[in-house]
2 protein chains.
Amino acid sequence: MPTSKDVAEAAGVAQSTVSYVLSGKRPISEKTRKKVEAAIEQLTYQPNAGARALASRKTRVIGLVIPFIPELHMASIMEFVSVIANTARQHDHDILLVTEDEGAPGLRRVVGQQICDGLILMQVEGNDERLPVVRSLNVPVVLIGIPRDPTGLVCIDADFEMAGDQCVRDLAAAGHSVVSVIDWQPEVVDRHVNYVDRFMRGTDKAAGELGVTVLHLPGGTDRDVIADSVDKALAKTTGSPAFIAPDGTVQDLLRRVLSSRGLTPGVDVSVIGSASPTLADLQPIPLTTIDLRPAEVSRRAVKIICQLLEADSQGPHESLELVPTVITHRSSTLRPPRGA
Amino acid sequence: MPTSKDVAEAAGVAQSTVSYVLSGKRPISEKTRKKVEAAIEQLTYQPNAGARALASRKTRVIGLVIPFIPELHMASIMEFVSVIANTARQHDHDILLVTEDEGAPGLRRVVGQQICDGLILMQVEGNDERLPVVRSLNVPVVLIGIPRDPTGLVCIDADFEMAGDQCVRDLAAAGHSVVSVIDWQPEVVDRHVNYVDRFMRGTDKAAGELGVTVLHLPGGTDRDVIADSVDKALAKTTGSPAFIAPDGTVQDLLRRVLSSRGLTPGVDVSVIGSASPTLADLQPIPLTTIDLRPAEVSRRAVKIICQLLEADSQGPHESLELVPTVITHRSSTLRPPRGA
DNA sequence: GATCATCGTCGATACGCATCGATGATTCGA
DNA sequence: TCGAATCATCGATGCGTATCGACGATGATC
């Protein structure tokens, strides 16, 4: 592997000049720049990341802490990961994978060994055990998810409260007076993953304002549980039933159960699921969706951390950003009554 | 951040001694070792990765090239990624994400800048454009998937031929004389992803030996396409129909179509899907599955590359490893006729 | 009891780059 | 026409670790 010294010799300049050509931190004459660039090209020189990190104290690597809970809808996680990785590259950074299994010590490790300059944590829970560690690390950290106490933390997430509100308003406008929310998996609910609460707050607030009834029913990966929830909802509903299934896996089951009850979404029942446009296209039926904007959340998370990294900010920054959600009408919901 | 020099001072020894305590590459007396370890503990010293990489020419990082094709079943990819990351940690390595979007130049970049010591490529296609680059890189690379010409490459994958064979044999034993394979997404088939061919070879070979008819019908994310395939299959089937759906997304659609045709898996029709045990548990019905062992494939891929890294092997190694697949009977297939 | 290997530790050096201060070359104004 | 200011480049140094050669101390050998 050629080094910057080799490039310097080939170009007939000093090594430091090569460095300045690359960084642009000092003016370089057009002539020397050309010479150096030619030498770089010819030797196919690429700067050594280790040496660069050692000298500059920046690795240009961001640690991404990913969850692996089988109960989570894995396809959505992959969408986060993929967009985060690509966005990071656009900001000239790389992504190091840190699995949740490593826990808090894992965070200390990658930061302590200076393998990465900052962290993005996915699936942050309300009372996440890693938060004390995060606060004590002297590097920028961006959380995807809003913990109970966001003091001193930088957080971003979809605006789940808005999502809940939008769903209920939308269904109310379509003429439903009772709206049933099929919850996330119990494993997720029990973890007090904070977005569940926020979503509920949104649905309930809108329900109160509109005089609509909202039922919260258990979800899960068990078909019987969903079936039970659906039957309960049907029993308590006057008029045409309406369902919201914010979890991808629950969605699939709900569809099956409804079909077994002889109900067709968009005809005699309304269903709103959650899906990004990418995933919505893969749905078996055109599903009216609440888009929680995973790609946008991911992009902003990367952008924020890159800003923090550039600013070289040591102080305990704090911010909370909520990404607006979007309802897209497809044919799984009833159309509003005329004149409404 | 404390350095090894700080540790040395605290322990009253030379910096090199600290280094030898950590690496164990030279004998150290019990007494000194204790002193050094105490100092490390007290200062919470962690070696600097950049400096280490610079001096040792090893980053202990493995680049993982992940695909992001919406047509692929994302949940399965996530399973690979997650197991690979965890296994790498067990071998004291980290995983750097490289997205497919970066293409061949991306591979050159991470290797050229010496950000990682080796690569794992997922979703390698039959005639992958990255192969020439892979061959020219002077670092170990493990491919998950078998390209058309594996000369000079290290490959590992599930034994798709075995999988196809197992599925057909199993369904034949259950009394089916016609077996319909619903293909992967056309996007996948068109890419000549090589496992499709291998799977087909397995089904056809077994069919020939057993005197069974195998139909290959188009799959995809379009429900109508699947419905069409199912209807064709039903038309050509005498006796009870049997389906194999090796793609996760296709599986979901197949279930819906069958149900709309009044067919119940395990009662009047057999269905074999592909799923690892982890994912099978999330299925809405107990699906008889062919397990393509993603976790095992991932584990072995990491193990292989770590061995290559230790061996510090420069020469163009070559190997091809196929992981045996496993059929698990659940209630979506008919039971063999008595006496069979 | 002198010789020689072995053991444990130290000091020095290299890894490849970024960065700072210094220096020579050039330009500008008075 | 000379000093000041600016510009372009160079040389030297440090980043934190791994590793090699050297060296004193210890124990074994005949």
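Naming convention: chains lettered A, B, ... in sequence-line order (proteins, then strands); numbering from 1 in each chain.
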Novice: Provide, to the nearest angstrom, the distance between the CZ atom belonging to A:Arg26 and the C1' atom belonging to C:dT19.
Specialist: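 My rounded result for the distance is 7 Å.
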Novice: Side-chain N or O of A:Ser19 less than 4.0 angstrom from OP1 or OP2 on C:dA18?
Specialist: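 Checking A:Ser19 against C:dA18: at least one side-chain N or O falls below 4.0 Å of OP1 or OP2.
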Novice: Only distances under 3.5 Å count here; give the side-chain donor-acceptor pairs of residues 33-47 of chain B to other protein atoms, sequence neighbours excluded, each with its distance to 0.1 Å.
Specialist:
none

Novice: Within the pair A:Lys25 and C:dT19, is there a side-chain N or O less than 4.0 Å away from OP1 or OP2?
Specialist: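 Affirmative; the distance criterion is met.
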Novice: Rounded to the nearest Å, what distance is computed from the OH atom of residue B:Tyr20 to the P atom of nucleotide C:dG8?
Specialist: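 Answer to the nearest Å: 14 Å.
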Novice: Would A:Arg60 and A:Asp94 satisfy salt bridge (charged side-chain N to carboxylate O under 4.0 Å, His left out), going step by step from the backbone distance to the final call?
Specialist: CA-CA 6 Å; A:Arg60 305 200 73 78; A:Asp94 276 293; over 6 Å; no
Novice: Mind checking salt bridge (Lys or Arg N to Asp or Glu O under 4.0 Å) for A:Asp159 and listing every partner two or more places apart, or none if nothing turns up?
Specialist: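 A:Asp159 satisfies salt bridge (Lys or Arg N to Asp or Glu O under 4.0 Å) with no residue once adjacent residues are dropped.
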Novice: How about B:Ser19 and B:Ser16: does a side-chain donor come under 3.5 Å of a side-chain acceptor?
Specialist: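 There is no such pair between these side chains.
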Novice: For C:dA14 and B:Arg57 - does any side-chain N or O of the residue sit under 4.0 Å from the phosphate oxygens OP1/OP2?
Specialist: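 Answer is no, no contact under 4.0 Å.
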Novice: Counting only side-chain heavy atoms from C-beta out, which of C:dC15, C:dC10, C:dA12 sits nearest to B:Val13?
Specialist: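 The closest nucleotide is C:dC10.
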Novice: For B:Lys31 and C:dC7, give me the distance from atom NZ to atom P, rounded to whole Å.
Specialist: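 B:Lys31 atom NZ is separated from C:dC7 atom P by 18 Å.
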Novice: Would you mind reading off the distance between B:Asn48 atom CG and C:dG16 atom P, rounded to a whole angstrom?
Specialist: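 Interatomic distance, CG of B:Asn48 to P of C:dG16: 16 Å.
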Novice: Can you tell me the distance, in whole Å, between the CG atom of A:Leu54 and the P atom of C:dA14?
Specialist: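 These atoms are roughly 16 Å apart.
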Novice: If we count only N and O atoms by modelled type, under 3.5 Å, do the side chains of A:Glu79 and A:Ser276 hold a donor and an acceptor together?
Specialist: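 There is such a pair between these side chains.
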Novice: Please step through salt bridge (charged side-chain N to carboxylate O under 4.0 Å, His left out) for the pair B:Glu125 and B:Arg148, ending with a clear verdict.
Specialist: CA-CA 8 Å; B:Glu125 298 171 14; B:Arg148 192 151 306 150; over 6 Å; no
Novice: Hey, does the side chain of B:Arg135 reach the backbone of B:Thr151 with a donor-acceptor pair shorter than 3.5 angstrom?
Specialist: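 A pair under 3.5 Å: yes.
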Novice: Taking any atom closer than 4.0 angstrom to a non-hydrogen atom of chain B, what span of DNA chain D does the protein reach, first nucleotide to last?
Specialist: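 Contacts span D:dG16 to D:dA22, reading 5' to 3'.
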Novice: Using the closest heavy atom to pick a nucleotide of DNA chain D for each, name whichever of A:Gln114 or B:Ser16 lands nearer the 5' end.
Specialist: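 Final value for this comparison: A:Gln114.
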Novice: Taking CD from A:Gln46 and P from C:dC17, how many angstroms apart are they, rounded to a whole number?
Specialist: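 After rounding, the reported distance stands at 11 Å.
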Novice: Starting at atom CZ of A:Arg52, determine the distance to atom C1' of C:dC17, rounded to an integer number of angstrom.
Specialist: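 Atom CZ in A:Arg52 sits about 8 Å away from atom C1' in C:dC17.
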Novice: Under 4.0 angstrom, heavy atoms only, what part of the nucleic acid is A:Ser23 near: base, sugar-phosphate, or nothing?
Specialist: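 No contact at all - A:Ser23 keeps every heavy atom at 4.0 Å or more from the nucleic acid.
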Novice: Nearest-nucleotide wise, let me know which of B:Glu30 and A:Met1 is further upstream toward the 5' end of DNA chain C.
Specialist: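 Residue closer to the 5' terminus by nearest nucleotide: B:Glu30.
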Novice: I need the CG-P distance between A:Leu22 and C:dG16, as an integer number of Å.
Specialist: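 Rounded to the whole Å, the gap is 16 Å.
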